[in-house]
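Have a look at the structure below before the remarks.
All values below come from the heavy atoms of this structure, side chains included, with hydrogens, waters and symmetry mates left out. We number each residue from 1, following the sequence as shown. Nothing here was measured: the structure is a model prediction, and the numbers come from that model.
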Amino acid sequence: MTDFNRSVLPDAVRSNGATPNPWWANAVVYQIYPRSFQDTNGDGIGDLKGITSRLDYLADLGVDVLWLSPVYRSPQDDNGYDISDYQDIDPLFGTLDDMDELLAEAHRRGLKIVMDLVVNHTSDEHAWFQASRDKDDPHADWYWWRPARPGHEPGTPGAEPNRWGSYFGGSAWQYDPKRGEYYLHQFSRKQPDLNWENPEVRKAVYRMMNWWMDRGIDGFRMDVITLISKHLDSHGRLPGEVDSELSEGEIGEEGYTDASPFCSDGPRLDEFLAEMRREVFEGREGYMNVGEAPGITPERNEFITDPAHKELDMLFLFDHVGVDQEGSKWNTVPFEVRNLRARLADQQEAVRNAGWASLFFCNHDQPRVVSRWGDDSDRESRELSAKAFGMLLHMHRGTPYIYEGEELGMTNAHFTKLDQYRDLEAINAYRQRVEEARCQSPESMMAALALIGRDNSRTPMQWDASRYAGFTAADAATEPWIGVNPNHVEINAAEEFDDPDSVYGFYKKLIAMRHGNATVATGEWNLVAADSEQVYSFTRTGGDDTILVMVNLTGRTARVPAEVARLLGNGVSESQVLLSTYDAVHGVKSIARGELARWEGVVIQL
């Protein structure tokens, strides 16, 4: 266990209910999308040696944990989230020796490494799946195989076992002529779901996880882990199957029923997670695990992350990143402060007594927050709104996650043509919604992709102003796998690194506060002024220490809410301003006028 960047929280400070406090209670995690972080061999794709070469940058930023999106061997149908060999590194990223070097160099700098774990599904090229295509093989029941519906020709429309749709468009069932049956895939057809009901599947997964832990990694981020338990009827049939006791629900606008109510937070999820804890993590120290949790409510988050239940340390909830969507992901609505506040408040309140929160706005599946909810129309607006959302997130109670480039205020890609996108979800969604179901216009769909498409976060990391942003050599023979954002000339690490007033400099201050201030790390969270249309405010309290946070999340001047004004009494002094998106003098003057400037946020010692 390392405390390279952090002070150790005293046992008198309560975090998630565990004793002693877990090491990650005042840590900050940085997500790396290896494909887009740093290319060292000129093939246009980032690699493990590239990550190693940038460890000093990450150590300077002050983060504690690096979460790597998948680098395992993979056909790359879904950029590595389709794994064909869990115990090897894909040649695109390097070798196992490169991974060992990265681990050693990260640990030498006091940085931990958490790997992405994708075990709801594998690649259809994984040896387990290939073996399961034979009904007589021991792996035959390792995936969700089902026969065609009676009276239908296998492989033809309508012959699928039920009418579930895939999250990536089309049916969630794919016919395999070799086996003569369909297999379930909630995502790409090349990502068949593992059958966690089979204990041999679970044993194989745990063996693999232990292999990595023994190799020296510090934990896992678990992709869609809350989908591993499916709802079955008393005879083991899925909803909508012939003679199933469970209905699959109504057909939606794309022509399929929604699998999520039957695959999210299933009846055996707690059992499976507790078993994983026993088989992989019990007896180890210094690790952390976090689960991606579609379909999980804040109340369930409290249960799963309560250390008394011995399941997971943290979960990623998604209700707050859906506040600008209505119905379909691709039907976007305007951002409203009150909606974000309500969702985050629910998450904070749920873990008031036990459990823990993961704090994030951006990741490899989400767009850049500064473009989504902030204002990237000019430099000043971009920097101010990037700082405002950074302050809001990092002042909450929980563990903050920074996605690569978020600390620079990187923006959406602003693509205008479908052929600029590389993401399977985006391309399939356009085909499904615009060309097949015709439930969305081309113009509306392209606008939605530009706002919330996943490729917005996947453009290359912007290191400098050179031709390819320093991601790969300016004279490289191969262009980056996806287009570099043209604004890298103005927005890049070299430009911001030594500027204390930059977005990067601001994030360094946020991280330092998390490390050094126990009230910021673990203090009680209480909402203030729940009805404000522009200002999101709350207090953090630890013993006799109270900190007030208020952030104007709009591009226009806002009145300081009356409830906040009462807490401030006769005003504040510069010495009370712990952090500001402008500066302490500006914050004091704004409060004296009873208003906050556009995107103004202040952290005040009461």
Looking at every heavy atom in both [X] and [Y], which two are closest together, and how far apart are they?
X	Y	value
Y401	M288	OH-CE, 3.4 Å
N120	L227	OD1-O, 3.2 Å
D193	Q186	OD2-NE2, 2.7 Å
D82	Q191	CB-CG, 3.7 Å
L312	N289	CA-OD1, 3.3 Å
S132	W145	OG-NE1, 3.2 Å

Margin query: Apply side chain to side chain donor-acceptor pair (under 3.5 Å) to residues Q31 and R221 and explain how you reach the verdict.
Written below: CA-CA 10 Å; Q31 183 190 356; R221 174 269 184 185; over 6 Å; no
Is it the case that the side chain of [X] and the backbone of [Y] share a donor-acceptor pair, with hydrogens and angles ignored and the cut-off at 3.5 Å?
X	Y	value
D233	L246	no
E404	Y33	yes
T226	D265	no
S166	F187	yes
W196	V119	yes
R397	S15	yes
D88	R73	no
S537	V528	yes
R277	E311	yes
N21	V13	yes

Rounded to the nearest 0.5 Å, what's the gap from [atom1] on [X] to [atom2] on [Y]? Could you check?
X	Y	atom1	atom2	result
L510	L393	CG	CG	9.0 Å
Y167	D258	OH	CG	6.0 Å
M208	L117	CE	CG	5.0 Å

Salt bridge check: are [X] and [Y] linked by an N-O gap of less than 4.0 Å?
X	Y	value
D531	R341	no
K230	E197	no
R458	D365	yes
E279	R202	no

How about [X] and [Y]: are their ring centroids closer than 6.0 Å?
X	Y	result
Y504	Y57	yes
H396	Y536	yes
H185	F168	no
W211	Y72	no
H364	Y81	yes

Next item on the list: Show your working on side chain to side chain donor-acceptor pair (under 3.5 Å) between Y86 and T122 and close with a plain yes or no.
Entry: CA-CA 9 Å; Y86 288 104; T122 69; 5.6 Å; no
Margin query: I'd like to know whether N210 forms a side chain to side chain donor-acceptor pair (under 3.5 Å) with R284, so could you lay out the CA-CA distance, the side-chain angles of the two residues, the decisive distance to 0.1 Å, and finally the verdict.
Written below: CA-CA 11 Å; N210 275 302; R284 299 184 187 271; 2.7 Å; yes
Item checked: Parallel, tilted or perpendicular: rings of W164 and F262 (30°, 60°) -> parallel
Margin query: Would you call the rings of W373 and F389 parallel, tilted or perpendicular, taking 30° and 60° as the class edges?
Written below: tilted
Note to self: Could you check whether Y206 and E275, counting side-chain N and O atoms only, form a donor-acceptor pair closer than 3.5 Å?
What the structure shows: yes
Check: Counting only heavy atoms not in E282, do more than 12 fall under 6.0 Å of its CD?
Finding: yes
Next item on the list: Report, as yes or no, whether the 6.0 Å neighbourhood of atom NZ on K508 holds more than 12 heavy atoms from other residues, nucleotides or ligands.
Entry: yes
Item checked: Test side-chain contact (heavy atoms from CB on, under 4.5 Å) applied to I604 and L567, step by step -> CA-CA 11 Å; I604 301 165; L567 288 174; over 6 Å; no
Item checked: K112 charged N/C atom sitting above W24 aromatic ring, 6.0 Å / 45° -> no
Margin query: Between V323 and R338, does the side-chain contact (heavy atoms from CB on, under 4.5 Å) criterion hold? Intermediate values first, please.
Written below: CA-CA 10 Å; V323 296; R338 60 183 176 85; over 6 Å; no
Margin query: Show, in sequence, the C-alpha distance, side-chain angles and deciding distance for E302 and N353, and conclude whether the side chain to side chain donor-acceptor pair (under 3.5 Å) test is met.
Written below: CA-CA 9 Å; E302 177 191 22; N353 298 315; 5.2 Å; no
Margin query: Apply side-chain contact (heavy atoms from CB on, under 4.5 Å) to residues D545 and Q605 and explain how you reach the verdict.
Written below: CA-CA 8 Å; D545 184 43; Q605 184 77 58; 2.3 Å; yes
Check: With respect to F361, which candidate in L392, V370, I402 satisfies the side-chain contact (heavy atoms from CB on, under 4.5 Å) definition?
Finding: L392
Note to self: Applying the ring-ring contact (aromatic ring centres under 6.0 Å, His included) criterion to Y183, which one of F129, W144, Y143 satisfies it?
What the structure shows: F129
Next item on the list: In sequence, state the C-alpha distance, the side-chain angles, and the governing distance for T305 and N16, and then conclude on side-chain contact (heavy atoms from CB on, under 4.5 Å).
Entry: CA-CA 8 Å; T305 64; N16 66 333; over 6 Å; no
